[in-house]
Amino acid sequence: MLLGPNQCHGILIIRGTPGGGKSTLVSIVEKIIGENNVAHLRTSHLGGRFETSAFLCKRLLVAKMFRAILCL
């Protein structure tokens, strides 16, 4: 995922208690990958005309403070 073309896709979900360091970990990963290689998912803007174009050529897509209901 960090080197060469992004042919593989993966997802990492970090769950934990408030103040447990989740955002700190994500911030460190963002700095390692490089801020110019990171896009932020804003779910409230996904219906917007140009929102997904910000994801092009990015190595990492981050969704902070994202709440999801998973139906299994």
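Scope of the values below: all heavy atoms of this structure, side chains included, with no hydrogens, waters or symmetry mates.
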side-chain contact (heavy atoms from CB on, under 4.5 Å) against Leu25, all qualifying residues, sequence neighbours excluded
Ile14, Val29

What residues form a side-chain contact (heavy atoms from CB on, under 4.5 Å) with Val38, not counting sequence neighbours?
Glu30, Ile33, His40, Leu60, Val62

Nearest heavy-atom approach of Ala39 to Lys58 is CB-CG, 3.8 Å

Could you give me the CA-CA distance, side-chain angles and deciding distance for Ile13 and Arg15, then say whether side chain to side chain contact (heavy atoms under 4.5 Å, CB included) is met?
CA-CA 6 Å; Ile13 298 174; Arg15 294 179 53 189; 3.9 Å; yes

